[in-house]
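Each remark here refers to the structure printed beneath this line.
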Amino acid sequence: MTTENTSAPTFRYSAVTFDCPDPAELARFYGEVLGLPVVFSTDDFVLLGQEGAAGLGFNRLADYRRPTWPAASQEKQAHIELGVDDLDAAQARLLALGAVKPEFQPDPDRWRVLLDPAGHPFCISTLV
C-alpha cells in the first residue's frame, strides 16, 4: 500500500437554502433586509448574493409546512441570526417588510425572535 502526498480538497461556504412555498416572496423579503440582489432565479429557486460572497437560496417545496415556533409540533428546521445596531429600529423595519413577531420572546432585551413570511424563525441581536 502506497500513500501519496495529495492535498485535501478545498471547501468554501457558498450558500444556505431555505425551503418555502414561494421562493420569489421569501427572496424579496431577505433581499430587502440584507440588501442582496437576485443572482439566479427560476420558478422554483431563487439565489441572492454578491460576486465572491456566500449566498442565500430559497427553494419551492410543494408540501411545505410552516414551523410552529416555539411549539415543537413542526420543527423550525433552521434559522438565521442577523446582527443589528438597534433592536427596536431593526424590529420595526423587519415588521414593515412582512416579518411577524411571535408573542413568546426568550430574552427580548438581548435578542428578538421574528418569523419570516414563510414562518421560519430568525433572530436579531446586537451581540452578533
Side-chain angles (χ1 to χ4, degrees):
M1 179 165 148
T2 62
T3 57
E4 293 181 32
N5 280 339
T6 58
S7 61
T10 301
F11 296 94
R12 65 188 171 278
Y13 168 71
S14 60
V16 66
T17 297
F18 286 91
D19 289 337
C20 60
D22 186 343
E25 176 190 25
L26 209 51
R28 180 212 50 83
F29 174 78
Y30 280 106
E32 186 74 24
V33 169
L34 299 171
L36 293 174
V38 172
V39 295
F40 179 80
S41 179
T42 68
D43 288 343
D44 294 320
F45 181 78
V46 178
L47 180 67
L48 302 176
Q50 294 182 352
E51 187 68 34
L56 191 57
F58 308 95
N59 180 66
R60 183 180 313 278
L61 186 64
D63 63 346
Y64 176 76
R65 287 172 284 171
R66 295 175 69 93
T68 54
W69 190 90
S73 56
Q74 179 62 43
E75 296 176 351
K76 64 182 176 180
Q77 300 138 7
H79 74 275
I80 192 168
E81 306 277 343
L82 302 175
V84 300
D85 295 328
D86 180 314
L87 282 173
D88 293 330
Q91 177 180 293
R93 175 71 176 139
L94 291 163
L95 294 174
L97 290 172
V100 174
K101 182 181 176 188
E103 186 175 322
F104 178 70
Q105 295 292 317
D107 194 351
D109 293 333
R110 297 182 69 201
W111 77 86
R112 312 273 168 82
V113 178
L114 300 172
L115 307 176
D116 71 20
H120 301 109
F122 67 97
C123 296
I124 57 173
S125 171
T126 57
L127 305 175
V128 180

Subject >> Heavy-atom side-chain contact between Asp22 and Phe58 under 4.5 Å >> reply: no
Subject >> Contact check, side chains of Leu56 and Val16, non-hydrogen atoms, under 4.5 Å >> reply: yes
Original post:
Which pairs, with at least one residue in residues 32-58 and sequence neighbours excluded, count as a side-chain hydrogen bond (donor to acceptor under 3.5 Å, both in side chains)?
Top reply: Glu32-Arg93, Asp44-Arg60
Subject >> For Asp109, side chain to side chain donor-acceptor pair (under 3.5 Å) partners two or more places apart >> reply: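 For Asp109 there are no side chain to side chain donor-acceptor pair (under 3.5 Å) partners, ignoring immediate neighbours.
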Original post:
For Asn59, which residues count as a side chain to side chain donor-acceptor pair (under 3.5 Å) partner, sequence neighbours excluded?
Top reply: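 Partners of Asn59 by the side chain to side chain donor-acceptor pair (under 3.5 Å) criterion, ordered by chain and then number, come out as Asp19.
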Atom of [X], atom of [Y] and distance for their closest heavy-atom approach:
X: Val100; Y: Pro102; answer: O-CD, 3.4 Å
X: Val113; Y: Pro106; answer: CG2-CD, 4.0 Å
X: Ala118; Y: Pro21; answer: CB-CD, 4.0 Å
X: Val46; Y: Ala27; answer: CG1-CB, 3.4 Å
X: Leu97; Y: Phe29; answer: O-CD1, 3.5 Å

Original post:
With a cut-off of 6.0 Å (strictly less than), are more than 12 heavy atoms of other residues, nucleotides or ligands near CD of Glu75?
Top reply: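 No - once you tally the heavy atoms of other residues, nucleotides and ligands closer than 6.0 Å, there are 12 at most.
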**OP:** Would you please name every residue forming a side-chain contact (heavy atoms from CB on, under 4.5 Å) with Arg65, sequence neighbours left out?
**Re:** Gln74
Original post:
Which residues pass the side-chain contact (heavy atoms from CB on, under 4.5 Å) test with Asp63, sequence neighbours left out?
Top reply: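 Testing Asp63 for side-chain contact (heavy atoms from CB on, under 4.5 Å), a comparison that skips the adjacent residues, returns Leu61.
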Original post:
When clusters are formed from ILVMFWY side-chain contacts under 4.5 Å, directly or step by step, what else is grouped with Phe45?
Top reply: Val39, Phe40, Leu47
Original post:
For Arg110, what residues pass the salt bridge (charged side-chain N to carboxylate O under 4.0 Å, His left out) criterion, not counting sequence neighbours?
Top reply: Asp107
Nearest 0.5 angstrom please: [X] [atom1] to [Y] [atom2], how far?
X: Glu25; Y: Cys20; atom1: CD; atom2: SG; value: 8.0 Å
X: Asp85; Y: Ile124; atom1: CG; atom2: CD1; value: 11.5 Å
X: Arg112; Y: Leu82; atom1: CZ; atom2: CG; value: 14.0 Å

Original post:
If you look only at pairs with a residue in residues 114-126, which of them pass as a salt bridge (charged side-chain N to carboxylate O under 4.0 Å, His left out), with sequence neighbours excluded?
Top reply: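 Residue pairs with at least one partner in residues 114-126: there are none.
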Original post:
Taking Tyr30 for the side chain and Leu48 for the main chain, is one N or O donor matched with an acceptor at less than 3.5 Å?
Top reply: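 It does not hold such a pair.
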Subject >> Pairs satisfying ring pair (Phe, Tyr, Trp, His ring centres under 6.0 Å), at least one member in residues 90-117, at least two apart >> reply: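 Found Trp69-Phe104.
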Subject >> Verify same cluster id: Leu115, Leu26 (apolar side-chain graph, 4.5 Å) >> reply: no
